[in-house]
Amino acid sequence: GATRGKQVPTLRLLRISPSQQEENTVFYKALWTAALSVAVAAQAESISLEDTGSPEFKPVPAKIRQMLGSGECLAMRPVKLAPSGKYFAAVAPCEGGSGGAPSWLLEQRGNTYRVLLDMGSYNLDILPARHNGLHDVSFSIGNAGGCTVYTYRYNGSVYHKHKSKNCFQG
């Protein structure tokens with residue numbers, strides 16, 4: 001036959017004691033929990049507000065600069081806060097410092113824009129959770145001296161701070 005002169009792999013069943021089975025169960029539950037945590041974290045979209053030279057960022061029309069009270073360096077890019085609607089993140093990097101720059105979340109309805117959140121940061125995370133139709137968001141503010149993450153929830157009209165924590169907390 002075809003197996004003449006060849007080693008055929010065999011499967012050996014190992015006997016595991018009840019204590020080893022319990023240890024394995026605990027290990028695999030912990031491994032599964034960690035994998036789920038990574039999968040949930042991977043669903044968050046992270047946007048650098050420092051990279052205003054990227055193609056996603058566009059110059060901001062004068063009427064929006066005037067509305068926000070910001071200068072020429074203002075740039076904005078689309079963000080997906082909901083399945084439908086037009087939303088943008090705007091940032092004025094030349095007006096910021098090491099801890100963050102003036103930044104906003106805007107909603108466009110027709111030819112008008114509305115500020116949903118006025119914040120100062122260099123990054124935006126759009127989180128998987130949603131409240132009143134829009135995704136929760138978080139901003140990190142900090143420098144070499146420290147860092148804080150602020151999480152915001154949409155209340156149906158604007159975003160309000162939900163919680164804050166040190167960047168280095170779990």
Side-chain angles (χ1 to χ4, degrees), residues 29-30 32-143 145-170:
K29 281 183 181 178
W32 181 247
T33 301
L36 285 176
S37 296
V38 168
V40 168
Q43 292 177 13
E45 179 185 4
S46 188
I47 298 168
S48 170
L49 298 178
E50 286 185 284
D51 191 15
T52 56
S54 73
E56 293 91 10
F57 279 95
K58 307 290 183 211
V60 177
K63 71 177 187 175
I64 298 173
R65 282 198 317 269
Q66 185 177 12
M67 176 184 82
L68 298 176
S70 192
E72 292 292 322
C73 74
L74 189 64
M76 63 190 252
R77 65 162 285 173
V79 293
K80 189 133 179 96
L81 297 178
S84 62
K86 291 186 177 184
Y87 302 96
F88 298 89
V91 63
C94 63
E95 297 174 20
S98 64
S103 50
W104 301 266
L105 287 179
L106 307 171
E107 177 184 34
Q108 179 184 4
R109 289 189 181 174
N111 291 328
T112 63
Y113 290 84
R114 178 171 87 85
V115 175
L116 301 177
L117 179 60
D118 182 342
M119 192 62 192
S121 183
Y122 281 123
N123 75 305
L124 163 68
D125 290 323
I126 300 172
L127 306 173
R130 282 196 270 189
H131 289 88
N132 296 298
L134 297 186
H135 283 279
D136 292 358
V137 297
S138 69
F139 288 92
S140 299
I141 299 174
N143 54 30
C147 177
T148 304
V149 176
Y150 296 93
T151 302
Y152 290 81
R153 288 184 173 170
Y154 186 66
N155 70 1
S157 178
V158 294
Y159 278 92
H160 282 283
K161 185 164 59 171
H162 171 63
K163 63 182 177 179
S164 63
K165 70 175 184 175
N166 183 295
C167 291
F168 307 110
Q169 290 177 339

Straight-line distance of Met76 CE to Glu56 CD, nearest 0.5 Å | 13.5 Å
Give every residue pair that meets the salt bridge (charged side-chain N to carboxylate O under 4.0 Å, His left out) criterion with at least one member in residues 154-163, sequence neighbours excluded.
-> none
Sorted by chain and residue number, the side-chain contact (heavy atoms from CB on, under 4.5 Å) partners of Ser157 (sequence neighbours excluded) come out as Arg114, Asn155
Nearest 0.5 Å, what's the CG-CG distance between Leu117 and Leu134?
-> 11.5 Å
Evaluate the criterion side chain to side chain contact (heavy atoms under 4.5 Å, CB included) for residue pair Leu74 and Trp104; output intermediate values, then yes/no.
-> CA-CA 10 Å; Leu74 189 64; Trp104 301 266; 3.4 Å; yes
Please round to the nearest 0.5 Å and tell me the distance separating atom OG1 of Thr112 and atom CE of Met67.
-> 9.0 Å
Dump the intermediate steps for side chain to side chain contact (heavy atoms under 4.5 Å, CB included) on Tyr154 and His160, then the final yes or no.
-> CA-CA 6 Å; Tyr154 186 66; His160 282 283; over 6 Å; no
Can you give each donor-acceptor pair under 3.5 Å made by side-chain atoms of residues 81-91, sequence neighbours left out, with the distance rounded to 0.1 Å?
none

Can you sort out the partners of Arg153 under side-chain contact (heavy atoms from CB on, under 4.5 Å), two or more places apart, ordered by chain and number?
-> His131, Asp136, His162
CG/Asn111: more than 12 non-hydrogen atoms of other groups inside 6.0 Å | no
CG of Asp118 to OG of Ser103, rounded to nearest 0.5 Å, is 7.5 Å
Would you give the length of the straight line joining atom CG of Leu124 to atom OG of Ser138, rounded to the nearest 0.5 angstrom?
-> 7.5 Å
Contacts of type ring pair (Phe, Tyr, Trp, His ring centres under 6.0 Å), residue Tyr150, not counting sequence neighbours = none
Which is it for Leu68 and Leu106 under the side chain to side chain contact (heavy atoms under 4.5 Å, CB included) test, yes or no, and what are the steps along the way?
-> CA-CA 10 Å; Leu68 298 176; Leu106 307 171; 4.2 Å; yes
Calculate, to the nearest 0.5 Å, the distance between atoms CZ and OG1 belonging to Phe139 and Thr148 respectively.
-> 14.5 Å
Applying side-chain contact (heavy atoms from CB on, under 4.5 Å), name anything that partners Lys58, two or more places apart in sequence or on another chain.
-> none
